[in-house]
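Please read all numbers here as calculations on a predicted model, not as lab measurements.
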Amino acid sequence: MSISIINLSKKYGEQTVLNNINFEIGEGEVVGFLGPNGAGKTTTMKILAGSLGYETGSAKICGFEVNENQLKTSALVGYLPELNPQYADMYVKEYLLFVAETYKLGKEKEQRVNELIDKVGLRPEFKKKIGQLSKGYRQRVGLAQALIPNPKVLILDEPTTGLDPNQLEEIRSLIREIGKDKTVLLSTHIMQEIKAICNRVIIINKGEIVADYPDISNINLFDESNLHFEVEFAETVKSQDLQNLENITTVKAISETHFILVASADIRGTIFDFAVKMGNKILTINRIERSMEEVFRELTN
């Protein structure tokens, strides 16, 4: 496993930030680590990156316990923190060469930095000072810096915060490309981010793992006890007539022929029978799935 966390807990004084969490991430997975602010995402990532210690449980990178093998695991992990500290007065290439020197790449550093400048799309801006760059290009510098040791695991904490829509899509595309040959753990509280980049999602809330969906495409977006249907009839229907039907709990009229119905069971057969009885026709009837945002709210409330 690229990442293995077993019974990991972390406290700040009397406050429990992580409470006995467990998950594993295999080689080549791109995993979204989702949760509200203060859920424990950043704490978990700092522990995996080796910048924060832990007293209880286990955190391993490629089989190495982080607390006991920080030199080894730091070489295996590329970490982009949320606030992405950089030297604004340094030129882009100068800064990346400086970072490469800390990894003792020797003669390889020039080649490695040039490769990464091209890989993350910094070539048009690499002669500028970091302080002159847009937020999107600063994030590219941060990604290049995280990739310098050619890590097996890439940990990204809120990598798209504050980007405009164009920058957002550029960074997403870049992360998807990087994820083809690396294990990526990406922290966010934005559902669109998960859908755009990841193939798996782990949800944390109040320091506990509340859900782990191995395949994001198979998340159950239907609530079987609270079903929503959109129905459009050919002719006018009274809301009260629909409200009187079995299993319908709520009727929302969009127009005299168009309704959103909330029910405690599948009512499509009931609606067809109702239309026939009334001499009406159904133009459309669709079962409405919950959004991922609704799933998230249910799990984190």
Give me the atom names and distance for the closest heavy-atom approach of [X] to [Y].
X      : Y      : value
Asp266 : Arg268 : OD2-NH2, 2.6 Å
Pro214 : Arg200 : O-CB, 3.6 Å
Ser187 : Asp157 : OG-OD1, 3.1 Å
Ile175 : Pro159 : CD1-CG, 4.0 Å
Ala263 : Phe229 : CB-CE1, 4.4 Å
Leu122 : Leu96  : CD1-CD1, 4.3 Å

Exercise. Between the side chains of Asn114 and Lys93, is a donor N or O closer than 3.5 angstrom to an acceptor N or O?
Worked result: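 A pair is found: one side chain offers a donor N or O, the other an acceptor, under 3.5 Å apart.
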Exercise. Do Lys182 and Asn150 have side-chain N/O donor and acceptor atoms under 3.5 Å apart?
Worked result: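 Side chains of Lys182 and Asn150: pair found under 3.5 Å.
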Could you state the interatomic distance from [atom1] ([X]) to [atom2] ([Y]), rounded to the nearest 0.5 Å?
X      : Y      : atom1 : atom2 : answer
His228 : Leu261 : NE2   : CG    : 10.0 Å
Lys46  : Thr43  : NZ    : OG1   : 7.0 Å
Tyr12  : Leu18  : OH    : CG    : 7.5 Å
Ile21  : Ile209 : CD1   : CD1   : 4.5 Å
Met45  : Leu156 : CE    : CG    : 6.5 Å
Ile148 : Lys109 : CD1   : NZ    : 10.5 Å

Taking side chain as C-beta onward, heavy atoms only, is [X] less than 4.5 Å from [Y]?
X      : Y      : result
Val92  : Tyr137 : no
Thr188 : Leu34  : yes
Ile61  : Ile3   : yes
Val66  : Ile47  : no
Ile204 : Lys41  : yes
Val141 : Asn84  : no
Asp118 : Phe126 : no

Problem set entry | With sequence neighbours excluded, residues passing salt bridge (charged side-chain N to carboxylate O under 4.0 Å, His left out) with Glu169 |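 Partners of Glu169 by the salt bridge (charged side-chain N to carboxylate O under 4.0 Å, His left out) criterion, ordered by chain and then number, come out as Arg176.
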For this session: Applying salt bridge (charged side-chain N to carboxylate O under 4.0 Å, His left out), name anything that partners Glu115, two or more places apart in sequence or on another chain.
Result: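 If we apply the salt bridge (charged side-chain N to carboxylate O under 4.0 Å, His left out) test to Glu115, skipping adjacent residues, the hits are Arg112.
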For this session: Could you check Thr160 against Gln139 for side-chain hydrogen bond (donor to acceptor under 3.5 Å, both in side chains), going step by step and ending with a plain yes or no?
Result: CA-CA 8 Å; Thr160 60; Gln139 287 298 81; over 6 Å; no
Connected via hydrophobic side-chain network under 4.5 Å: [X] and [Y]:
X      : Y      : result
Leu283 : Leu242 : no
Leu80  : Ile178 : yes
Met1   : Val31  : no
Ile202 : Tyr54  : yes
Phe259 : Ile282 : yes

Problem set entry | Steps toward side-chain contact (heavy atoms from CB on, under 4.5 Å) verdict (Leu71, Phe64) | CA-CA 10 Å; Leu71 285 177; Phe64 297 103; over 6 Å; no
Under 6.0 Å from the [atom1] atom of [X], do we count more than 12 heavy atoms belonging to anything else shown?
X      : atom1 : result
Glu108 : CD    : no
Glu82  : CD    : yes
Tyr103 : OH    : yes

Problem set entry | Working for side-chain contact (heavy atoms from CB on, under 4.5 Å), residues Val30 and Leu186 | CA-CA 8 Å; Val30 180; Leu186 179 148; 5.7 Å; no
Problem set entry | Candidate pair Ile267 and Leu227, rule side-chain contact (heavy atoms from CB on, under 4.5 Å), full reasoning | CA-CA 9 Å; Ile267 56 166; Leu227 303 177; over 6 Å; no
For this session: Please assess Arg172 against Glu193 for the test salt bridge (charged side-chain N to carboxylate O under 4.0 Å, His left out), listing each intermediate value before the final yes or no.
Result: CA-CA 8 Å; Arg172 284 175 179 173; Glu193 214 59 1; 2.8 Å; yes
Any ion pair linking [Y] and [X] (charged N to carboxylate O, less than 4.0 Å)?
X      : Y      : value
Lys152 : Glu27  : no
Glu55  : Lys10  : yes
Asp164 : Lys135 : no
Lys11  : Glu14  : no

Exercise. According to the interplanar angle, ranging from 0 to 90°, do the rings of Tyr95 and Tyr87 count as parallel (below 30°), tilted (30 to 60°) or perpendicular (above 60°)?
Worked result: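 Tyr95 and Tyr87: perpendicular rings.
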Problem set entry | Working for side-chain hydrogen bond (donor to acceptor under 3.5 Å, both in side chains), residues Asn280 and Glu235 | CA-CA 6 Å; Asn280 207 332; Glu235 298 176 12; 5.0 Å; no
Exercise. Tyr79 pairs by side-chain contact (heavy atoms from CB on, under 4.5 Å) with which of Val153, Leu154, Leu185, Ile155?
Worked result: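 When side-chain contact (heavy atoms from CB on, under 4.5 Å) is applied between Tyr79 and each of Val153, Leu154, Leu185, Ile155, only Ile155 qualifies.
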Quick one: does [X]'s side chain have a donor or acceptor within less than 3.5 Å of a partner on [Y]'s backbone?
X      : Y      : value
Asn205 : Ala39  : no
Glu256 : Lys238 : no
Ser4   : Glu24  : no

Problem set entry | Positive for side-chain hydrogen bond (donor to acceptor under 3.5 Å, both in side chains) with Arg140, one of Glu170, Gln145, Glu125 |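 Filter result, single survivor: Glu170.
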For this session: Might you work through the side-chain contact (heavy atoms from CB on, under 4.5 Å) test for Thr44 and Ile5, ending with a clear yes or no?
Result: CA-CA 9 Å; Thr44 304; Ile5 286 182; 3.7 Å; yes
